[in-house]
Amino acid sequence: MADLYLKALESERRKLWAECRLKGLPKGTPERERIVEIDALLKAHKAKKDGKSANP
């Protein structure tokens, strides 16, 4: 089954990163801060997902 939450986060991250590259946005801008938040959410989600699969 597709993990829609994971796909949505990855899609938002790609969109923001492309916007940051096109505009040349420096660190500290809201867009870059959101990318950092998304990275943390992705890491936590993948760890949670891996933890569940390890304990059947």
Side-chain angles (χ1 to χ4, degrees):
M1 186 158 124
D3 189 342
L4 299 179
Y5 178 71
L6 184 64
K7 287 182 182 268
L9 284 176
E10 290 172 341
S11 175
E12 183 183 356
R13 187 186 188 288
R14 281 191 302 270
K15 179 181 158 260
L16 285 170
W17 187 243
E19 183 179 339
C20 289
R21 284 182 292 163
L22 285 172
K23 293 181 179 179
L25 298 176
K27 289 183 178 179
T29 58
E31 292 87 351
R32 293 285 297 260
E33 292 297 321
R34 178 64 181 152
I35 290 171
V36 172
E37 289 174 25
I38 291 172
D39 286 342
L41 290 171
L42 286 170
K43 185 177 178 182
H45 183 71
K46 287 179 181 180
K48 180 180 171 185
K49 186 175 161 185
D50 291 343
K52 283 186 178 179
S53 64
N55 297 324

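Keep in mind that the numbers below use all heavy atoms, side chains included, and drop hydrogens, waters and symmetry copies. Values in this document were obtained by computation on a predicted structure and should not be read as measured data. One-based numbering along the sequence shown.
- Proximity of E12 to R34: side-chain heavy atoms (C-beta onward) are separated by under 4.5 Å at one or more points.
- In this structure, CZ in R32 is found 4.5 Å from CH2 in W17, a value given to the nearest 0.5 Å.
- L42 CG to K46 NZ: the interatomic distance, rounded to the nearest 0.5 Å, is 5.5 Å.
- Interatomic distance, CG of L9 versus CG of L4, reported as 11.0 Å (0.5 Å rounding).
- To the nearest 0.5 Å, atom CG of residue D3 and atom NZ of residue K49 are 5.0 Å apart.
- Distance check, rounded to the nearest 0.5 Å: CG of D39 to CD of E37 gives 10.0 Å.
- Remark: K7 does not engage E10 in a salt bridge, criterion side-chain N to carboxylate O under 4.0 Å.
- A salt bridge does not link K27 with E33: none of the charged nitrogens is closer than 4.0 Å to a carboxylate oxygen.
- No single ILVMFWY cluster, assembled from side-chain heavy atoms under 4.5 Å apart, contains both I35 and L25.
- One distance of note links CZ of R13 with CG of L41; it measures 12.0 Å at 0.5 Å rounding.
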